[in-house]
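In each ligand, atom 1 is the first atom listed, and ligand 1 is the first ligand listed. Residue indices begin at 1 and follow the sequence shown.
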Amino acid sequence: MTTLYTPRLTIRPLTPADLPALVVYRNDPEVARFQGWPLPSTLEQVQGLVSAAAAPLGAPGWVQRAVVDGDVLLGDVALNTQGQQAELGVTLARAAQGQGYAREAIQAVLGHAFGALQLHRVHAAIDPRNEAVARLLTRLGFRHEGIARLAYFHRGEWTDEARYGLLASEWTP
Ligand SMILES: CC(C)(COP(=O)(O)OP(=O)(O)OC[C@H]1O[C@@H](n2cnc3c(N)ncnc32)[C@H](O)[C@@H]1OP(=O)(O)O)[C@@H](O)C(=O)NCCC(=O)NCCS
């Protein structure tokens with residue numbers, strides 16, 4: 001099980017004790033707006049994230065990690081690894097946003113992905129209206145690669161999906 005450390009954060013497997021706080025931020029409409037999980041989010045629905053968290057980052061499929069500052073769960077990050085490529089996901093509770101925590105956490109995850117895991121490419125698929133994550137990915141060096149039109153069915157409507165990609169050769173530690 002991988003645990004990563006940054007100056008302010010620990011990025012570690014989710015535990016059952018994290019789930020009540022995780023459900024609270026997942027049910028915040030601002031946080032959930034561009035995310036695909038079912039609403040309302042319940043403890044039963046998120047229990048699987050703990051067993052998925054037991055796998056090491058880089059194991060095939062989605063692996064979730066808690067982003068914590070001391071005892072406080074700020075959010076979560078995830079990698080969906082397929083071979084030498086992975087998709088990235090990130091969520092912060094509203095109170096934890098606007099402080100650079102997502103950038104700090106993802107920079108550590110990318111360091112692990114392109115370092116220890118030797119991945120070739122990491123990408124994110126986002127709703128183009130999600131300006132906060134677009135800014136975050138751009139700051140981290142991801143390139144906007146294009147938009148797949150009405151490619152994602154999200155809470156009753158077809159939405160565009162923007163692709164952002166970062167190659168190992170482009171990444172700056
Ligand atoms: C996507 C998401 C994680 C981005 O969070 P964020 O707080 O904007 O990103 P960061 O933690 O990197 O913080 C960056 C912001 O904090 C500011 N900031 C304040 N102190 C900072 C510091 N010490 N270091 C860096 N940035 C700092 C930056 O200026 C920046 O503000 P800006 O975006 O207005 O320019 C967040 O919006 C979220 O959880 N959204 C809901 C879930 C979601 O949609 N996820 C994406 C699906 S893939």
remark   = Using a 4.5 Å side-chain heavy-atom cut-off and chaining through intermediate ILVMFWY residues, the residues clustered with Trp62 come out as none
key: Residues forming a ring pair (Phe, Tyr, Trp, His ring centres under 6.0 Å) with Tyr164, sequence neighbours excluded   = His144
Note down each nitrogen or oxygen pair, ligand 1 side and protein side, whose separation is under 3.5 Å; give only atom names and the distance to 0.1 Å.
from	atom 1	to	atom 2	distance (Å)
ligand 1	7 (O)	Gly98	N	2.6
ligand 1	11 (O)	Gly100	N	3.3
ligand 1	11 (O)	Tyr101	N	2.9
ligand 1	11 (O)	Ala102	N	2.7
ligand 1	12 (O)	Arg103	N	3.0
ligand 1	13 (O)	Gly100	N	3.0
ligand 1	16 (O)	Gly98	O	3.1
ligand 1	16 (O)	Gln99	N	3.3
ligand 1	16 (O)	Gly100	N	3.4
ligand 1	18 (N)	Gly98	O	3.4
ligand 1	33 (O)	Arg135	NE	2.9
ligand 1	33 (O)	Arg135	NH2	3.2
ligand 1	33 (O)	Arg139	NH2	3.2
ligand 1	35 (O)	Arg139	NH2	2.4
ligand 1	39 (O)	Leu92	N	2.7
ligand 1	39 (O)	Leu92	O	3.4
ligand 1	39 (O)	Gln97	NE2	3.4
ligand 1	44 (O)	Asn130	ND2	2.8
ligand 1	45 (N)	Gln35	NE2	3.2
ligand 1	45 (N)	Val90	O	2.8

remark   = By ring pair (Phe, Tyr, Trp, His ring centres under 6.0 Å), Phe153 pairs with (sequence neighbours left out) Trp158
note = Heavy atoms of Gly83 and Leu119 approach each other most closely as O-CD2, 3.9 Å
message = I'd like to know if the side chain of Glu157 reaches the main chain of His154, judged simply by a donor and an acceptor atom lying under 3.5 Å from each other, with no hydrogens or angles considered.
response = no
inquiry  = Does Gln107 form a side-chain hydrogen bond (donor to acceptor under 3.5 Å, both in side chains) with Thr6? I'd like the steps, not just the answer.
reply    = CA-CA 9 Å; Gln107 189 71 3; Thr6 75; over 6 Å; no
